[in-house]
Number of protein chains: 2
Amino acid sequence: MAERKTYHHGALRQALIDGAKEILAESGHEQFSLNEVARRAGVSTAAPYRHFTNRDDLLSAVAEEGYQTLAVDLEKATGLVGLGGAYVRFAHEHPGLFVTMFRSRPGGEASAAGEAAFGTLLRAVLAAQESGAIPAYASPELTARSIWATLHGLAVLHLQRPHERYGLGGEPEELATTTLSALLGVKPE
Amino acid sequence: MAERKTYHHGALRQALIDGAKEILAESGHEQFSLNEVARRAGVSTAAPYRHFTNRDDLLSAVAEEGYQTLAVDLEKATGLVGLGGAYVRFAHEHPGLFVTMFRSRPGGEASAAGEAAFGTLLRAVLAAQESGAIPAYASPELTARSIWATLHGLAVLHLQRPHERYGLGGEPEELATTTLSALLGVKPE
DNA sequence: ACCTGAACACCGTTCAAGT
DNA sequence: ACCTGAACACCGTTCAAGT
């Protein structure tokens, strides 16, 4: 292990990001260590500082890739309920990455991928309101933000309290369906 | 500073909890350090281990007191919307404590105070459904859990993205009102 | 330009020893 | 019974020095 490679034109940068994702997947955000990432890449603990200003900067880069993956997942989903399920499933399948995404860059700019993800949700809300699948108590924007909050809370609570089953089943899709229908009366199409 | 006191019959235990809360309020959960708590209490860094098995055990005790404070806050609130506002306000006023509460004891038992807080929400939902203030798409239990998820997501997102204003204003009560009314059509009574 | 080696202050935790 | 002092492995970060 710790095979010594030579990194050229920024290859180390991506290797560090990939290694960080590995650690997050294996041990979670709490256990993440910058030194450990360096060790896995086979470089000294000082090497990452040529590519990132500090630990948080690396985690921000990881978070950005996480937003891209999330945006792709959401785009593949169909309907408001499918979208909600995909959001909760993402958190469930990548807990370390999910936590990292929403802890990083306090006060930083919104990620482009994050905006795209919201846009996908917004379109689904618009369609659901127009078809009458959900009531239009408020504008699509406000409703979409509110649903995002709901899905986010659901995901976070489910990660931290997996034993308290929100709804009947433990499957992310079932959680999202049950919750959204309890609040909005939306039915799976 | 670091005045050397003598602690008797468990007085150090509470002093450590209080010191931990201070640090959480000043610097947040991320910056929390067990050694720092010991320093503030004027004891050695090994002393806390007579009262807590480790760092997480101390934070769990802190979290439990947080749940008690939250339960009291919620009980003082009136109506579903008032309750939602109180929840979001608690997170807004005690961010470090709030994060600690929902990060601690993974798989541990639910706190009694946490259960009490949920009971308060449940009663408010029941009343709102009976008066017709909100639609009864689902059982009060399921609706209460769903609303909790919404409030939690709102609180978390607002802590991490204070610049993205959910709804028009930044006040916790306004956030909760706007969101709940967007989802449930509930009006402030 | 990119990485190493060694150092710094700090952390959580342990343990023998003091009172 | 409760706390100290000193140690351990580990962390994030810096910086002179190597290639």
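In what follows, every heavy atom counts, from backbone to side chain, and hydrogens, waters and symmetry copies are set aside.
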Length of the [atom1]-[atom2] vector between [X] and [N], whole Å:
{"X": "A/H29", "N": "D/dC11", "atom1": "NE2", "atom2": "P", "result": "15 Å"}
{"X": "B/H51", "N": "D/dA1", "atom1": "NE2", "atom2": "P", "result": "13 Å"}
{"X": "A/F32", "N": "D/dG12", "atom1": "CZ", "atom2": "P", "result": "7 Å"}
{"X": "A/R39", "N": "D/dG12", "atom1": "CZ", "atom2": "P", "result": "9 Å"}
{"X": "A/L34", "N": "D/dT13", "atom1": "CG", "atom2": "C1'", "result": "9 Å"}
{"X": "A/I23", "N": "D/dC10", "atom1": "CD1", "atom2": "C1'", "result": "14 Å"}
{"X": "B/F52", "N": "D/dC2", "atom1": "CZ", "atom2": "P", "result": "13 Å"}
{"X": "B/E30", "N": "C/dC11", "atom1": "CD", "atom2": "C1'", "result": "15 Å"}

Measuring to OP1 and OP2 of [N], would you say a side-chain N or O of [X] lies under 4.0 angstrom away?
{"X": "A/R55", "N": "D/dG12", "value": "yes"}
{"X": "B/N35", "N": "C/dG12", "value": "yes"}
{"X": "B/R13", "N": "D/dA1", "value": "no"}

Looking at [options], which one has an atom nearest to any side-chain atom of [X]?
{"X": "B/Y49", "options": "C/dG12, C/dT4, D/dC3", "value": "C/dG12"}
{"X": "A/A46", "options": "D/dC15, D/dG12, C/dG12", "value": "D/dC15"}
{"X": "A/A47", "options": "C/dT4, D/dC3, C/dT13", "value": "C/dT4"}

Looking at CZ of A/R145 and CG of B/L175, how far apart are the two atoms once the value is rounded to the nearest 0.5 Å?
10.5 Å
Just verifying a value: how many Å separate B/E65 CD and B/Q14 CD, rounded to the nearest 0.5 Å?
5.0 Å
Mapping B/R50 and B/S33 onto DNA chain C by nearest heavy atom, which one lands closer to the 5' end?
B/S33
Specify whether A/F102 and A/Y67 have parallel, tilted or perpendicular ring planes, treating 30° as the upper limit for parallel and 60° as the lower limit for perpendicular.
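If you compare the ring of A/F102 with that of A/Y67, the planes turn out perpendicular.
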Sorted by chain and number, sequence neighbours left out, side chain to side chain donor-acceptor pair (under 3.5 Å) with A/E36 holds for A/R39, A/R40
Output all residues satisfying side chain to side chain donor-acceptor pair (under 3.5 Å) with A/N35, sequence neighbours left out; order by chain, then residue number.
none
Please answer whether the main-chain N or O of A/L74 pairs with a side-chain N or O of A/Y87 as donor and acceptor at a distance below 3.5 Å.
no
Exam field: side chain A/T53 to backbone A/Y49, donor-acceptor pair closer than 3.5 Å
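No.
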Can you give me the dot-bracket string for DNA chain D, 5' to 3', counting Watson-Crick and G-U wobble pairs with both distances under 3.5 Å, using [ ] for crossing pairs and | for partners on another strand?
||.|||||...|||||.||
